[in-house]
Amino acid sequence: MSSDSVTQLSGSLSIRNGNLYLEECNVAELAEEFGTPLYVVSETQLRNNYRRFSSALQSCWHEGESRILPALKANPAIAVRRILSQEGAGCDIFGPGELEAAIRGGTNPEMISVNGSIKDREIITRAIDIGARVVLDSRRELQLCNDVARDLGKTANVMLRLKPYMASLQTPSDFLPTWQIKDLTQIIKYGIPTSEVVEMVGLFENCNAVNLVGYHIHMGRHSKDLKVWESLVESYVCLMARLGELLGGYVPKFVDFGGGFPTPDDCDTDVAIKEGPTPAIEEYFGCITGTFRKAMDAVGLPVKGITIEVEPGRSLHNNTAIHLTRVRNVKEEKENKPWHWAEVDTSEVFLGIGGLNLDAPPFDYIVANKAGQESTHDSDIVGMTCNAEMLFHQVPMPHTEEGDVIAFLNAGSYKEPCANNFNALPRPGMALVRGDHCEMIRRHETIEDVFLRDCIPGHLV
Ligand SMILES: Cc1ncc(COP(=O)(O)O)c(C=O)c1O
């Protein structure tokens with residue numbers, strides 16, 4: 001490699017003179033300055049992704065507005081949410097902590113969807129008080145919303161989370177191939193059982209403090225196949241038509257399709273079926289809106305003025321961050337079963353993955369300070385807890401030494417929020433890169449933090 005060579009990789013990553021760069025920052029220098037392990041988010045990548053999603057949805061839905069409500073769970077850092085709020089995004093949240101993060105992240109309350117099962121009075125009160133929308137998951141929540149809104153002297157905007165049945169779909173789930181998607185989506189707890197929702201709609205008449213603004217679904221990432229998404233939307237509209245009749249010709253103002261859109265750079269270890277192409281987000285949005293338009297027409301429901309919404313998590317965030325770890329030791333067995341190990345200072349417990357990745361690497365990876373170098377051998381990359389921690393199994397590596405920095409790519413969704421304190425390890429912090437500038441947006445946890453919740457009863461002091 002020449003001394004001034006630049007290779008542009010995907011998104012905000014490039015290799016310059018043998019070093020990995022995120023935007024204009026030398027990744028190995030970030031590791032040195034901010035410490036490892038570390039999650040590093042690219043602000044530019046996040047903004048670009050959001051703009052791409054937003055214009056893709058707008059360009060295929062002209063009948064009304066369209067909104068992107070990124071799932072906060074994928075990356076709950078408040079600074080990250082502030083970037084999305086600046087871009088005009090709404091937010092899908094689950095539980096009181098995520099509601100707090102959405103508020104602190106500057107989300108327009110009207111664009112917060114309060115999702116999830118077994119919501120308690122506290123979260124419903126907060127949601128209604130700030131004007132967020134409650135997505136009902138059961139009959140119980142309808143009653144609770146009505147009581148709370150009446151007590152607050154407000155009106156609660158609510159949606160019904162449905163469980164459409166894709167009766168004729170014969171496709172197994174990418175997660176659990178022994179199960180059909182149509183069955184899994186029925187038995188997984190989320191959403192109001194259809195038999196309950198058809199009874200429940202009659203209750204709206206007496207719930208004067210509640211305003212039904214629309215419907216919601218979230219299938220989850222069961223399939224890349226557009227046929228599955230078509231089937232989901234068709235069965236969604238059938239159920240809407242059935243409920244619409246029971247509600248005296250009701251037409252929703254908002255129709256939410258949830259998240260679950262696969263992304264080509266996702267090496268998710270939970271996904272068993274990885275074969276086949278991954279359509280681009282533009283194709284998913286085209287499929288959903290096109291099918292929705294046709295299906296609504298078929299059941300005689302108008303679409304003019306309907307606002308459609310999506311709640312992408314992994315697809316929006318995945319390529320916005322990398323995870324940095326430092327090689328602390330290299331080991332080599334030359335006898336019995338010759339083997340190489342690079343022992344790094346991160347762990348499966350910081351990466352939301354299992355620790356026996358024998359079949360496929362859980363991430364694409366680059367040795368940041370040796371990015372242009374040829375590989376010299378195969379090695380395991382092993383994490384730091386007392387588990388076996390085979391993060392990577394026999395992957396090609398350049399000559400590896402203590403101090404090398406390895407970047408795991410596409411680590412922007414569900415990695416940091418799944419980190420835990422196994423072995424009493426402090427969880428890694430998160431930094432944000434913007435151009436040639438980088439700063440911490442979530443500090444590294446300390447050992448003191450790890451024990452902050454412990455209390456010693458008097459007789460043990
Ligand atoms: C209601 C809801 N919306 C959106 C999402 C985001 O899903 P994904 O990250 O697969 O896009 C989730 C994830 O669990 C969810 O529960």
Side-chain angles (χ1 to χ4, degrees), residues 46 49-50 52-54 56-57 67-76 80-81 84 89-95 97-99 101-102 107 111-119 123 127 132-138 141 158-164 173-176 181 184-185 188-192 214-225 228-229 232 236 254-271 273 278-281 283-285 287-288 308-321 352 410-418:
L46 180 61
N49 286 3
Y50 178 82
R52 175 179 167 192
F53 278 48
S54 176
L57 195 58
R67 291 171 162 187
I68 312 278
L69 276 52
L72 192 126
K73 67 199 84 180
N75 185 337
V80 165
R81 184 50 48 173
L84 291 169
C91 189
D92 147 57
I93 68 102
F94 182 108
E98 287 195 356
L99 179 55
T107 318
M111 287 173 71
I112 299 177
S113 264
V114 180
N115 276 306
S117 46
I118 56 164
K119 301 180 198 72
I123 186 168
R133 221 172 39 190
V134 181
V135 180
L136 302 178
D137 205 69
S138 66
E141 291 181 359
V158 301
M159 295 174 97
L160 294 169
R161 178 159 175 177
L162 305 180
K163 288 174 92 76
S173 166
D174 286 359
F175 282 119
L176 277 176
I181 294 172
L184 262 185
T185 50
I188 291 178
K189 66 178 182 176
Y190 313 110
I192 312 168
Y215 298 115
H216 179 280
I217 48 168
H218 169 68
M219 169 170 71
R221 195 236 164 281
H222 286 291
S223 179
K224 299 194 266 191
D225 189 346
V228 172
W229 290 85
L232 175 73
Y236 190 18
F254 296 93
V255 173
D256 193 314
F257 296 95
F261 308 107
T263 176
D265 47 43
D266 188 353
C267 303
D268 199 332
T269 51
D270 287 356
V271 175
I273 300 179
T278 307
I281 199 67
E283 293 175 86
Y284 284 112
F285 291 170
C287 167
I288 285 172
I308 59 164
E309 300 175 342
V310 289
E311 301 174 346
R314 73 194 65 230
S315 52
L316 184 86
H317 284 282
N318 207 47
N319 69 352
T320 63
N410 304 315
S413 59
Y414 301 110
K415 305 304 178 203
E416 192 270 353
C418 289

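Each ligand, and each atom within it, is numbered from 1 in the order the structure gives. Any value given below was found using the heavy atoms of this structure, including those in side chains, with hydrogens, waters and symmetry copies removed. For the single chain, residues carry numbers from 1 onward in sequence order.
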So which heavy atom in the protein is nearest atom 8 (P) of ligand 1, and how far is it from that ligand atom?
Gly260 N, 3.4 Å
Under a 4.0 Å heavy-atom limit, does Arg161 contact ligand 1 with its side chain, its backbone, both, or neither?
side chain
Check this for me - ligand 1, Arg221, N or O atoms closer than 3.5 angstrom, yes or no?
no
Test side chain to side chain donor-acceptor pair (under 3.5 Å), reference His216, set Glu309, Arg133, Glu311, output is Glu311
Test your reading of the structure: does Arg314 have an N or O sitting under 3.5 Å from an N or O of ligand 1?
yes
Which residue owns the protein heavy atom closest to atom 1 (C) of ligand 1, what's the atom, and how far is it?
Glu311 OE1, 3.4 Å
Ionic contact status for Lys73 with Asp92, cut-off 4.0 Å
yes
Return a yes/no value for Gly313: is any of its N or O atoms, backbone included, closer than 3.5 angstrom to an N or O of ligand 1?
yes
Below 3.5 Å, N or O to N or O, backbone or side chain included: is there any such pair between His216 and ligand 1?
no
Heavy-atom distance under 4.5 Å between the side chains of Pro417 and Asn75, does that happen here?
no
Got the closest protein heavy atom to atom 9 (O) of ligand 1, with its distance?
Tyr414 OH, 2.5 Å
Can you tell me which portion of Phe94 lies within the under-4.0 Å heavy-atom range of ligand 1? Options are side chain, backbone, both, or neither.
neither
Please say whether Ser315 places an N or O atom under 3.5 Å from an N or O atom belonging to ligand 1.
no
Ligand 1 contact on His218 by region, counting heavy-atom pairs under 4.0 Å:
side chain
Can you say whether the rings of Phe261 and Trp229 are parallel (under 30°), tilted (30 to 60°) or perpendicular (over 60°)?
parallel
